[in-house]
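Take a look at the structure set out below.
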Amino acid sequence: MVSSTLNVLGALASGVLVNAVAPSCSKCTINDATVGCASLSEAFPSKTFFPGQEVYAFEKTNFWSNHEILSPKCVFRPETAQDVAAAVITLKEDCTQFAVRGGGHMGIKGANSIDNGVLMVMSNLTTLSLAEDKLSVEVGPSHDWGEVYTELDKHGLTVAGGRLAPVGVPGLLLAGGVNFHGNQHGWSADNVLEYEVVLASGEIATVSAVENPDLFWALKGGSSNFGIVTKFRLRTFKSGTDGKVLAGTYTVSAEHLDAFFVAIAHYAAYNTDPLSHIVPMTVAGPDPTTPAAAAVILYYDSAETPAPECFAEFFKIPALANSVSVKTLGEFAVETGALVVDGINDMFIAGTTVGKTYEDLLRGIQITNEVFFRELPKLHAVIPVEKLSLVSIDWQPIGTLWAAASRAANPVGNALGLDVEAKGTYLAWAEVVEWIGDEYYDPVHEWIVNTTRVIEEATRAAGLYDAFKYMGDAAGFQSIYAGYGAENEARLREVSRKYDPERVFQRLMPGGFKIGV
Ligand SMILES: Cc1cc2nc3c(=O)[nH]c(=O)nc-3n(C[C@H](O)[C@H](O)[C@H](O)COP(=O)(O)OP(=O)(O)OC[C@H]3O[C@@H](n4cnc5c(N)ncnc54)[C@H](O)[C@@H]3O)c2cc1C
Ligand SMILES: *[C@@H]1O[C@H](CO)[C@@H](O)[C@H](O)[C@H]1NC(C)=O
Ligand SMILES: *[C@@H]1O[C@H](CO)[C@@H](O)[C@H](O)[C@H]1NC(C)=O
């Protein structure tokens with residue numbers, strides 16, 4: 001069915017018995033993972049780890065947000081695609097549930113780890129290899145974006161990857177990938193030229209625009225529903241002026257909020273400069289009723305323009321702090337990485353307002369911000385303010401430049417279903433709540449669910465709502481694929497059924513955003 005190398009041989013060589021008449025896992029009765037862990041340990045004694053072992057303790061807790069940490073029965077750490085393939089076959093045979101973790105930055109309980117199941121970690125799938133023609137780089141799912149940028153910096157090249165160095169490669173590329181070069185190259189996923197994927201059958205498939213193109217499309221936004229990606233080949237390009245760009249965070253005081261919103265809407269409605277990228281946000285302080293400050297991450301893909309015209313509306317506002325200067329993208333990704341804290345609890349929640357005019361875009365920003373801060377006192381009522389590390393809301397403009405760049409980078413298309421021509425510019429917003437204290441998980445989560453509903457109601461009433469929710473910024477209770485449009489949702493399910501007829505990645509790998517059996 002799938003055109004590529006069959007690799008059951010690898011599984012056999014690893015000592016795993018392939019049972020041709022194993023019951024389909026859409027029907028098998030899920031076993032206690034003790035069985036699956038024992039099988040893995042027998043086949044891969046040096047790659048399977050149990051409680052009490054150092055590697056187990058390290059991998060079990062190696063996540064971005066505390067509430068992602070669960071208690072797997074064992075950790076499996078493959079070193080090759082063949083290891084992954086053999087493990088998938090074993091887990092099917094034993095009808096054992098598992099989770100897959102890449103960079104561990106999807107801050108959702110159960111998305112990337114599992115209580116009592118097998119936690120398969122990508123830590124040792126470490127390919128990082130520039131092609132001889134330097135037009136692409138192969139990246140294994142162990143890497144974070146900082147590692148990729150550091151390697152490519154040596155060659156004066158970069159890729160359309162994450163904006164924060166510590167974020168993982170695989171989850172971002174499977175979600176879509178908002179990146180600094182979006183207005184030049186589109187979504188990060190549109191710049192993946194080829195995938196190596198372990199399918200439910202244990203087959204190691206090559207997926208590109210010409211090989212398995214339906215799966216190529218589905219992997220661009222369809223997340224973990226189709227297989228385990230063991231390698232991505234990304235398009236490389238030169239960035240900035242000899243690798244240097246103009247970038248930094250420009251912070252303004254709350255008294256300038258009106259002008260700040262004008263500047264965002266102005267950029268969203270009128271920007272024609274593909275070298276630019278912005279991430280504007282408002283940030284809460286001790287007073288929950290109004291933002292304490294606003295800040296915008298500014299990126300300009302050249303070092304030769306000290307004050308790009310497209311940022312003029314921001315620069316008109318006096319700065320409280322300003323780190324905009326010439327640096328490498330890699331340095332900047334480390335700088336932005338320091339804006340957030342790991343090892344606490346972090347939750348993102350996503351939504352979208354759309355608008356064809358400056359006025360509609362401005363209203364979308366104002367309404368989402370206003371409702372967020374109107375609801376914020378209710379959060380302060382359930383968690384002490386000193387336990388809140390960061391509370392903010394940001395808006396990601398995605399407009400005609402981005403859409404055109406996406407199409408040019410990837411004629412096959414992606415699953416995200418954005419329609420800028422019909423709907424105008426998307427302002428993909430994200431609420432961010434970072435707090436200290438696991439005991440506040442339930443009330444914070446409840447507040448987030450409530451607040452998101454109220455924001456959606458308000459934007460709907462204003463005629464500015466769109467169902468798109470960027471997966472990378474989404475919370476576990478949100479439904480993602482419906483936001484891609486009914487047609488894309490149906491097509492994703494169809495592709496997942498074609499490549500995974502036994503429904504392994506729905507039933508045995510329950511975590512993450514699932515398309516459904
Ligand atoms: C601080 C921070 C900054 C961020 N910045 C950006 C940004 O600039 N742009 C952007 O687009 N997004 C951004 N994100 C969102 C980010 O893209 C997602 O959190 C993404 O899931 C991270 O990838 P990961 O590998 O770390 O995720 P993980 O949590 O490891 O994985 C995410 C999901 O993908 C599955 N998965 C992981 N590896 C594989 C694999 N090899 N094959 C199949 N499935 C797999 C997991 O099971 C899980 O369900 C940011 C997130 C954080 C926390
Ligand atoms: C596997 O990953 C761990 C954690 O990143 C690392 O310490 C170890 O050296 C890696 N081993 C191999 C063989 O790559
Ligand atoms: C969420 O909304 C419900 C119903 O309106 C309310 O009872 C509850 O207190 C709210 N929770 C928080 C944390 O605001």
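Counting starts at 1 for both ligands and their atoms, following the listed order.
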For Trp145, is the NZ or CZ atom of Arg163 found under 6.0 angstrom from the centre of its six-membered ring and inside 45 degrees of the ring axis? no
Shortest protein heavy-atom distance from atom 8 (O) of ligand 1, along with the residue and atom involved: Arg163 NE, 2.7 Å
Can you check whether Thr206's main-chain N or O pairs, donor with acceptor, with Asn212's side chain at less than 3.5 Å? yes
Arg233 to Tyr195, cation-pi by 6.0 Å centre distance and 45° axis angle: no
If you count the atoms of ligand 1 from 1 in the order shown, which ones are under 4.0 Å from a heavy atom of Trp64? 1 (C), 53 (C)
Using a 4.0 Å cutoff against the non-hydrogen atoms of Met122, which atoms of ligand 1 qualify? 41 (N)
Who's the nearest protein heavy-atom neighbour of atom 24 (P) of ligand 1, and how far? Gly103 N, 3.5 Å
Within a distance under 4.0 Å of any heavy atom of Gly472, pick out the atoms of ligand 1 and give their elements. 15 (C)
Please list, by chain and number, the protein residues whose heavy atoms come under 4.0 Å of ligand 3. Lys378, Pro443, Glu446, Trp447, Asn450
Which atom of Leu376 lies closest to which atom of Pro288, heavy atoms considered: CB-O, 3.4 Å
Return yes when Ala99 approaches ligand 1 closer than 4.0 angstrom through a heavy atom, no otherwise. no
When you measure from atom 27 (O) of ligand 1 to every protein heavy atom, which one gives the shortest distance, and what is it? His105 N, 3.6 Å
My understanding is that we take every heavy atom of each candidate and find the minimum distance to atom 4 (C) of ligand 1. Doing that for Val198, Val167, Asp473, Val341, which one comes out nearest? Val167
Looking at Glu489 and Arg493, is there a salt bridge between them, counting it only when a charged N and a carboxylate O are closer than 4.0 Å? yes
Is it the case that the ring center of Phe372 lies less than 6.0 angstrom away from the ring center of Trp447? yes
Short N/O distance, under 3.5 Å, between Met106 and ligand 1? yes
With only distance considered, is Ser223 within less than 3.5 Å of ligand 1 through an N or O on each side? no
Please confirm whether Lys60 makes a cation-pi placement over Phe58, using NZ or CZ under 6.0 Å from the six-membered ring centre and within 45° of the ring normal. no
Could you go through residues 223-231 and list every donor-acceptor pair under 3.5 Å that involves a side-chain atom there, pairing it with any protein atom two or more places apart or in another chain?
unit_1: Ser224; atom_1: OG; unit_2: Lys514; atom_2: NZ; d: 3.4
unit_1: Asn225; atom_1: OD1; unit_2: Gln506; atom_2: NE2; d: 2.9
unit_1: Asn225; atom_1: OD1; unit_2: Ile515; atom_2: N; d: 3.0
unit_1: Asn225; atom_1: ND2; unit_2: Gly222; atom_2: O; d: 2.9
unit_1: Asn225; atom_1: ND2; unit_2: Tyr481; atom_2: OH; d: 3.1
unit_1: Asn225; atom_1: ND2; unit_2: Phe513; atom_2: O; d: 3.0
unit_1: Thr230; atom_1: OG1; unit_2: Glu196; atom_2: O; d: 3.2
unit_1: Thr230; atom_1: OG1; unit_2: Glu196; atom_2: OE1; d: 2.6

Go through ligand 1 atom by atom and flag the ones less than 4.0 Å from a non-hydrogen atom of Pro141. 41 (N)
Check: of Gly110, Gly107, Gly102, Ala333, min heavy-atom distance to atom 37 (C) of ligand 1 comes from Gly102
Using a 3.5 Å distance criterion without hydrogens, assess whether the side chain of Gln396 forms a donor-acceptor pair with backbone atoms of Ile278. yes
Donor-acceptor pair, side chain of Asp115 and main chain of Ser71, under 3.5 angstrom: yes
Ion pair Lys109/Glu68, N-O distance below 4.0 Å: no
I'd like to know if Met471 contacts ligand 1, where contact means a heavy-atom distance under 4.0 Å to any ligand atom. no
At what distance is the nearest protein heavy atom to atom 36 (N) of ligand 1, and which residue and atom is it? Val100 CG1, 4.2 Å
When distances are taken from atom 29 (O) of ligand 1, the protein heavy atom at minimum range is Asn112 ND2, 2.7 Å
Report, in ascending order of atom number, the atoms of ligand 2 lying under 4.0 Å from any heavy atom of Ser123. 2 (O)
Check: Gly221 main-chain N/O paired with Tyr484 side-chain donor or acceptor under 3.5 Å: yes
Indicate, with yes or no, if the rings of Trp395 and Tyr267 have centres closer together than 6.0 Å. no
heavy-atom search around atom 41 (N) of ligand 1 in the protein gives Val229 O, 2.9 Å
Lys469 side chain to Ala467 backbone, donor-acceptor under 3.5 Å: yes
Stepwise ring pair (Phe, Tyr, Trp, His ring centres under 6.0 Å) test for His105 and Phe63: CA-CA 7 Å; His105 271 64; Phe63 289 86; 9.7 Å; no
Please write down residue, atom name and distance for the protein heavy atom closest to atom 9 (N) of ligand 1. Val178 O, 2.8 Å
Once you measure the plane-to-plane angle for Tyr299 and Phe180, does it fall in the parallel (<30°), tilted (30-60°) or perpendicular (>60°) bin? parallel
So, does Tyr470 sit close enough to ligand 1 that a heavy atom of it is under 4.0 Å from the ligand? yes
To the nearest 0.1 Å, how far is atom 13 (C) of ligand 1 from its closest protein heavy atom, and which atom is that? Leu172 CD1, 3.9 Å
Could you tell me whether some N/O pair between Asn124 and ligand 2 is separated by less than 3.5 angstrom? yes
Heavy-atom pair with the smallest gap, counting every atom of Ala350 and Gln478: O-NE2, 2.8 Å
Arg407 side chain vs Trp402 backbone, donor-acceptor pair below 3.5 Å: no
Compute whether any side-chain donor of one residue and acceptor of the other, for Arg77 and Thr48, lie under 3.5 angstrom apart. no
Please confirm whether Val340 comes within less than 3.5 Å of ligand 1 when only nitrogen or oxygen atoms on both sides are compared. no
Run the numbers for me: atoms of ligand 1, each under 4.0 Å from some heavy atom of Pro170, listed by number. 25 (O), 38 (N), 39 (C), 41 (N)
Under-4.0 Å heavy-atom contact with ligand 1, by part of Asp346 that carries it: neither
Below 4.0 angstrom from a heavy atom of Gly177, which ligand 1 atoms are there? Numbered from 1 as shown, please. 11 (O)
Heavy-atom contacts with Leu164 under 4.0 Å: which atoms of ligand 1 show up? List them by number with element. 1 (C), 3 (C)
Which residue from Gly104, Ala160, Gly512, Ala111 reaches closest to atom 48 (C) of ligand 1 through any of its heavy atoms? Ala111
Checking the N or O distance criterion of under 3.5 Å, is ligand 1 in contact with Ile228? no
Lys/Arg N to Asp/Glu carboxylate O, Glu375 vs Lys378, below 4.0 Å: yes
Under 4.0 Å between a Lys/Arg side-chain N and an Asp/Glu carboxylate O for Asp190 and Lys220? no
Greater than 12 external heavy atoms within 6.0 Å of Glu386's CD: yes
Take every heavy atom of Pro166, measure it against each atom of ligand 1, and state whether any distance is under 4.0 Å. no
Does Ala175 come within less than 4.0 angstrom of ligand 1, counting non-hydrogen atoms of the residue? no
Phe348 near ligand 1 by a heavy-atom separation under 4.0 Å: yes
Per-atom contacts of ligand 1 with Arg101, taking only distances under 4.0 Å to non-hydrogen atoms: 30 (O)
